[in-house]
Amino acid sequence: MERKCARVLIAAVKSGSGKTFFTCALLEALKRRGLQVSAFKCGPDYIDPMFHKTVLGVPSRNLDPFFSDEPQLRELFLQEPVSQIAVLEGAMGLYDGLGGIRQEGSAYHLADALKCPILLVVDARGMGRSLIPMLAGFLAYDTGKWIKGVILNRTSASFFSSIAPVIRQELSIPVVGYIPVQKDFKLESRHLGLKMPHEIQDLKEQIGQAAGILEETVNLDKILEIAEGAEALETEAPEESERNTVDSERNAEESEDAEVFASGGRAVIGVARDEAFCFYYEDNLHLLEKMGARLVFFSPLHDKELPEGLDGILLGGGYPELYGAELEANGSMRESIRQAIAGGLPSVAECGGFLYLHEKLRDREGGEYAMCGVIPASCYDTGKLVRFGYVTIEEKTPAFLEKSETIRAHEFHYYDSTDNGADCRAVKPVTGKAWDCIHRTPKSWWGFAHLYYPSNPCFAEHFVREAARYRKKDENGNSQNYKF
């Protein structure tokens, strides 16, 4: 089956070229034209999609060529409700993939999988004719001929007017426009990437102003022409791919434990979501719902205790280290979580959520704060990246996954733990470096890695099944005590 979809991928020569801000301004400018727009982020980044959502008011989703094979990438892209144009934001430099040395997993890999035209953003500040050999190298690497236009960032109108015709003449590539230097437009960073959208004062106003500038300095009609020229995408029949999207649609009735799912209605999973816990892949949450769960959101910062009637909890990543005092002060929530897990409530905790389950958290200023006390260990800021990049994770004894199967994940953290767990094995895809990780029981999974559930839907299915079992036992009045 084929489907036509206007789309363009915003890529860059390197990180820090202005992709995110240009993408947000472009989204706003397209919205002003009355177009229905959807947004995606290449790679495992959580924060950039939050900026997209700030503009669009609807979630932006991740498409990652390491997490998903090419058929699944197309399925995930096409399952988005129909929009008039899709804008995809790349990651790092256009060709920077696994380990920084492979094209696999790069923005270019995603463009190739989706047959997506590329608009290349170049930070031209301090550059002159040297732009031409640099662009020539990028075009020479473009075996699929996906690069369809160039945007010059941080340059002047006069330089743009003089260099653009030369680039067109010598490289046969259109320069679609430029972005002038604007001192007021800056997205600040911290150790895990950009600051969160809600932390940036007057962000919407800044994006609105930038969109107004784009309408004057960038040929939006040309961008729409490029996007509309994208080839139709053919979706493949789901057959053997173990990580195909349709695998994620296996429902409760197909499980050996169908009677567990059928009893007592849908399992209710509480998802921590606030300023401290906000790193979630939309596809992960969607898959839990497909597997039969009903998601209820709560705030470890602001709510006094867990919502009633939960059958499981998911504690995602985020910035708990920035809210240590507030999390410690909310002792009733910490005790509510500790007692629930001690009583057998199924739970998954990733990175920031994993930190929250410790006894103590020590931040980079040396402040120490009491956390939930579920894991008898402490976590602390090391002052440097501890582990960074993609991994595959295999359980030593199968529970959440089938025997010899793995799930794909990403790590990016400056904190470490005095007890990282040893129930699983993580392996780097390029170097083969491996280490023990994860605290895991048949109904709990706690560790630093951010998992991508559609890479192995068994994980989500097992979590929902355990939540359904908990619900059934609770309704029958059985004890929920579980020894960890």
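Treat the numbers as computed from the prediction; the structure is a model and nothing was measured.
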Check your understanding: Can Ser444 and Thr441 be said to form a side-chain hydrogen bond (donor to acceptor under 3.5 Å, both in side chains), step by step?
Key -> CA-CA 5 Å; Ser444 65; Thr441 74; 2.8 Å; yes
**Study point:** Worked verdict on Tyr281 versus His450 for ring pair (Phe, Tyr, Trp, His ring centres under 6.0 Å)
**Key:** CA-CA 9 Å; Tyr281 295 125; His450 294 285; 7.2 Å; no
Point to revise | Worked verdict on Lys428 versus Thr431 for side-chain contact (heavy atoms from CB on, under 4.5 Å) | key: CA-CA 6 Å; Lys428 298 282 287 183; Thr431 64; 3.5 Å; yes
Check your understanding: Under the side-chain contact (heavy atoms from CB on, under 4.5 Å) criterion, do Phe40 and Leu110 qualify, and how do the steps go?
Key -> CA-CA 11 Å; Phe40 297 85; Leu110 178 63; over 6 Å; no
Check your understanding: What's the verdict on side-chain contact (heavy atoms from CB on, under 4.5 Å) for His302 and Glu275, showing C-alpha distance, side-chain angles and the deciding distance?
Key -> CA-CA 10 Å; His302 307 298; Glu275 303 94 309; 3.0 Å; yes
**Study point:** Test side-chain contact (heavy atoms from CB on, under 4.5 Å) applied to Leu301 and Tyr323, step by step
**Key:** CA-CA 8 Å; Leu301 276 173; Tyr323 300 92; 3.8 Å; yes
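Side-chain contact between Leu63 and Leu114: present, with at least one pair of heavy atoms (C-beta onward) separated by less than 4.5 Å. Proximity of Cys424 to Glu394: side-chain heavy atoms (C-beta onward) are nowhere separated by under 4.5 Å. Side-chain contact between Ile10 and Leu88 is absent, with no heavy-atom pair separated by less than 4.5 Å. With contacts defined as side-chain heavy-atom distances shorter than 4.5 Å, the pair Ser378/Leu361 does not qualify. A heavy-atom distance below 4.5 Å is not found between the side chains of Ser299 and Met333. At least one side-chain heavy atom of Ile393 sits under 4.5 Å from a side-chain heavy atom of Val391. A 4.5 Å side-chain heavy-atom check between Val13 and Leu94 finds every atom pair outside the cut-off. Using a 4.5 Å heavy-atom threshold, the side chains of Val296 and Val271 count as separate.
Atom NZ of Lys396 has more than 12 neighbouring heavy atoms from other residues, nucleotides or ligands inside a 6.0 Å radius. By the 6.0 Å contact criterion, CZ on Arg3 is enclosed, its count of non-hydrogen atoms from other residues, nucleotides or ligands being greater than 12. More than 12 heavy atoms of other residues, nucleotides or ligands lie within 6.0 Å of CZ in Phe297, so this atom counts as buried by the packing criterion. Annotation: Lys4, atom NZ; neighbour count of heavy atoms from other residues, nucleotides and ligands within 6.0 Å is above 12. Within 6.0 Å of CD on Glu2 lie more than 12 heavy atoms contributed by other residues, nucleotides or ligands.
For Phe400, the ring-ring contact (aromatic ring centres under 6.0 Å, His included) test picks out Trp445, Phe459, His462, with sequence neighbours left out. Taking the side chain to side chain donor-acceptor pair (under 3.5 Å) definition, one finds that Thr418 meets it with nothing, sequence neighbours left out.
Atom CD of Glu411 sits about 7.5 Å away from atom SG of Cys351, to the nearest 0.5 Å. For the atom pair Arg362 CZ and Asp381 CG, the distance stands at 9.0 Å (nearest 0.5 Å). How far CE of Met92 is from CG of Asp45: 10.5 Å, rounded to the nearest 0.5 Å. In this structure, OG in Ser455 is found 7.5 Å from CD in Gln72, a value given to the nearest 0.5 Å. Note: Phe298 CZ to Leu315 CG = 5.5 Å, rounded to the nearest 0.5 Å. With rounding to the nearest 0.5 Å, the separation of NZ in Lys290 from NE2 in His286 is 4.0 Å.
In terms of modelled atom types and a separation under 3.5 Å, the side chain of Ser336 and the main chain of Leu306 share a donor-acceptor contact. In this structure, the side chain of Thr23 engages the main chain of Lys19 through a donor-acceptor pair within 3.5 Å. Using modelled atom types, one side-chain atom of Asn330 and one backbone atom of Pro300 make a donor-acceptor pair closer than 3.5 Å. With hydrogens and angles disregarded, no donor-acceptor distance shorter than 3.5 Å links the side chain of Arg7 to the backbone of Pro117. Proximity of a side-chain donor or acceptor of Arg61 to a complementary backbone N or O of Leu76 within less than 3.5 Å is detected. Of the possible donor and acceptor atoms, one in the side chain of Asp363 sits under 3.5 Å from a partner among the backbone N and O of Gly367. At distances below 3.5 Å, not a single donor-acceptor pair connects side-chain atoms of Arg294 with backbone N or O atoms of Glu289.
When all heavy atoms of Leu310 and Ile269 are compared, the pair lying nearest together is CD2-C, 4.3 Å. Of all heavy-atom pairs between Ala11 and Ile118, the closest is CB-CG2, 3.8 Å. When all heavy atoms of Asp311 and Tyr470 are compared, the closest pair comes out as CA-CD2, 3.8 Å. Contact detail for Gly292 and Val464: the closest heavy-atom pair is C-CG1, 4.3 Å. When all heavy atoms are compared, the tightest approach of Pro398 to Leu401 is CB-O, 3.5 Å. Here the closest heavy-atom approach between residue Cys5 and residue Ala230 is recorded as O-CB, 4.0 Å.
Salt bridge present: Lys41 and Glu89 bring a charged side-chain N and a carboxylate O closer than 4.0 Å. Ionic pairing of Asp436 and Arg425 is present here: one or more N-O contacts between side-chain nitrogen and carboxylate oxygen are shorter than 4.0 angstrom. Contact check on Glu395 versus Arg440 returns a salt bridge, with a Lys/Arg side-chain nitrogen under 4.0 Å from an Asp/Glu carboxylate oxygen.
Donor-acceptor pairing under 3.5 Å is recorded for the side chains of His358 and Ser417. With 3.5 Å as the limit, one finds no donor-acceptor pair spanning the side chains of Thr382 and Asp416. Between the side chains of Tyr452 and Asp283, at least one donor N or O lies within less than 3.5 Å of an accepting N or O. At a cut-off of 3.5 Å, with distance as the only test, no side-chain donor of Thr392 or Thr406 sits close to an acceptor on the other residue. For the residue pair Gln79 and Glu75, no side-chain donor N or O sits within less than 3.5 Å of a side-chain acceptor on the partner.
Classification of the His439-Phe354 ring pair by plane angle, with boundaries at 30° and 60°, yields tilted. Taking the six-membered ring where tryptophan is involved, the planes of Phe67 and Tyr390 are perpendicular, since the angle between them exceeds 60° and thus also 30°. Ring geometry for His410 against Phe412 counts as perpendicular: the plane angle is over 60°, on a 0 to 90° scale with 30° as the lower cut.
Every pair passing side chain to side chain donor-acceptor pair (under 3.5 Å) that includes a residue from residues 97-113 is listed here, sequence neighbours excluded: Glu70-His109, Tyr108-Asp142, Asp112-Trp146.
A distance of 6.0 Å or more separates the ring centres of Tyr453 and Phe463. With ring centers used as reference points, Tyr380 lies 6.0 Å or more from Tyr415. Taking the six-membered ring wherever Trp is involved, the centroid distance between the rings of Phe277 and Tyr319 does not fall below 6.0 Å. The ring of Tyr46 has its center no closer than 6.0 angstrom to the ring center of Tyr280.
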